[in-house]
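In what follows, chains are A, B, ... by sequence order, proteins preceding strands, each numbered from 1. Computed from heavy atoms alone, side chains included, the values below leave out hydrogens, waters and symmetry copies.
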Number of protein chains: 2
Amino acid sequence: MHTVQVKPQEIFQALADPTRIRIVRLLAETDEEACLCELVDSLLEPQYKLSRHVKALRQAGLLSAAKEGRWIYHRLVEGIPYLDRLYEALKVLPDVDGCFARDVESFRQRMCLREGGRCRIGIQTPELAAGGE
Amino acid sequence: MHTVQVKPQEIFQALADPTRIRIVRLLAETDEEACLCELVDSLLEPQYKLSRHVKALRQAGLLSAAKEGRWIYHRLVEGIPYLDRLYEALKVLPDVDGCFARDVESFRQRMCLREGGRCRIGIQTPELAAGGE
DNA sequence: TGCATACATGCGATATCATGCATGTATGCA
DNA sequence: TGCATACATGCATGATATCGCATGTATGCA
């Protein structure tokens with residue numbers, strides 16, 4: 001089940017980081033699930049960084065993970081009143097520098113590389129993969 | 001005006017503290033304004049602590065302040081889409097230990113001490129006033 | 001004009017967090 | 001069975017947050 005007694009402040013703490021907001025907002029706006037390499041290629045942040053942020057969001061109860069072989073698909077936990085309202089808040093956040101719009105656009109293009117609706121490739125931006133460049 | 005360019009993560013950071021959540025939730029549920037001494041007597045936290053948290057919420061754009069002589073009334077900034085949705089999320093947060101319910105009850109009782117709708121007394125819990133006990 | 005009072009804040013101690021680098025784990029394919 | 005790869009994490013570091021204590025500022029009243 002979801003609730004492992006997550007304190008309210010832990011939920012907001014999970015969103016108190018620009019990268020984590022980008023992750024949640026991306027998944028909220030597209031209503032999609034994504035594996036880590038897709039997030040890396042969309043947000044253009046290092047693999048280890050997003051891995052940790054995704055973990056933080058999972059521990060806060062915002063994300064659920066589904067393992068499929070080597071890939072792990074992350075999606076928003078939905079159906080919980082206060083979480084659903086948080087997503088709504090995120091979706092109407094101002095996007096002054098167009099960062100969120102770019103994330104969504106990059107993500108949509110990355111989704112085109114799926115085969116049969118599943119990710120079959122890894123990180124397409126080599127300098128963001130483990131080990132750096 | 002309101003917006004002094006508050007970054008999204010600063011809004012969530014402002015709510016990433018249990019005391020600040022209590023403040024915002026109290027004002028959201030009661031749709032009231034409150035001065036600092038009323039908050040002290042309701043939340044039963046030291047004056048200097050709430051003063052700082054209120055300041056943090058103001059800097060994040062969640063609270064506005066109206067000075068009336070020695071008293072300063074704080075209320076939620078409303079009418080901004082993502083803020084209004086955040087308040088809605090706060091209002092449906094679980095209250096496992098009954099903390100929020102107690103805050104609201106204490107606040108309602110404290111409001112009975114107003115004269116003409118205005119606070120005319122100071123902190124009624126001496127050990128929480130400046131200087132400690 | 002001086003005092004009581006509503007609220008603000010400088011300081012130091014402690015704790016938590018995000019990041020980069022490097023490396024570890026686990027899964028599937030040849 | 002070994003290698004490539006998708007993802008995870010230990011460690012050190014710098015940044016930031018909270019708190020208690022004490023004190024400072026500003027307003028109104030006697």
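Looking at A/Ile23, A/Leu15, A/Leu27 one by one, the single match for side chain to side chain contact (heavy atoms under 4.5 Å, CB included) with A/Leu62 turns out to be A/Leu15.
Residue A/Trp71 has its side chain nearest to D/dC7 when only D/dT27, D/dG20, D/dC7 are considered.
Side-chain N/O atoms of A/Lys67 include none lying less than 4.0 angstrom from OP1 or OP2 on D/dA6. The side chain of A/Tyr48 contributes no N or O atom lying less than 4.0 Å from OP1 or OP2 of D/dA8. Here B/Lys55 reaches the OP1 or OP2 of C/dT9: one of its side-chain N or O atoms lies under 4.0 Å away. OP1 and OP2 of C/dC7 both lie 4.0 Å or more from every side-chain N or O belonging to B/Ser51.
Residue B/Gln9 contributes atom CD, which lies 18 Å from atom P of D/dA15 at whole-angstrom precision. Across the protein-nucleic acid pair, B/Leu43 atom CG and C/dC7 atom P stand 13 Å apart, rounded to whole Å. Going from atom NZ of A/Lys49 over to atom P of D/dA6 covers 21 Å, rounded to whole Å. Put simply, CD1 on B/Ile72 is 9 Å from C1' on D/dA26, counting in whole angstrom units. Rounded to an integer number of Å, the gap from CZ of B/Phe12 to C1' of C/dC17 is 18 Å.
Evaluation of atom-type donor-acceptor distances gives no pair under 3.5 Å for the side chain of B/Arg120 against the base of D/dG28. Between the side chain of B/Gln47 and the base of C/dA6 there is no donor-acceptor pair of N/O atoms closer than 3.5 Å.
Of the inter-residue distances, the one linking A/His74 atom NE2 with A/Lys55 atom NZ reads 12.5 Å to the nearest 0.5 angstrom.
The stretch residues 22-39 of chain A touches DNA chain D through A/Cys35, A/Leu36, A/Cys37, each having a heavy atom within less than 4.0 Å of the strand.
At a threshold of 4.0 Å, the pair A/Arg108-A/Glu105 does not count as salt-bridged, since none of the basic side-chain nitrogens sits closer than that to a carboxylate oxygen. B/Glu32 has no carboxylate O lying under 4.0 Å from a charged side-chain N of B/Arg75, or vice versa, which leaves the two without a salt bridge.
Between the side chain of B/Asp41 and the backbone N or O of B/Ile123 there is no donor-acceptor pair closer than 3.5 Å. Listed for the B/Asp84 side chain is a donor-acceptor partner under 3.5 Å among the backbone atoms of B/Gly79.
Within the nucleic acid shown, B/His53 comes within 4.0 Å of sugar-phosphate atoms alone, with no base atom in reach, counting heavy atoms only.
The cationic atom of A/Arg25 (NZ for Lys, CZ for Arg) does not lie both less than 6.0 Å from the six-membered ring centre of A/Tyr87 and within 45° of the ring axis.
Positionally, the nearest nucleotide of DNA chain D for A/Arg58 lies more toward the 5' end than for the other of A/Arg58 and B/Arg52.
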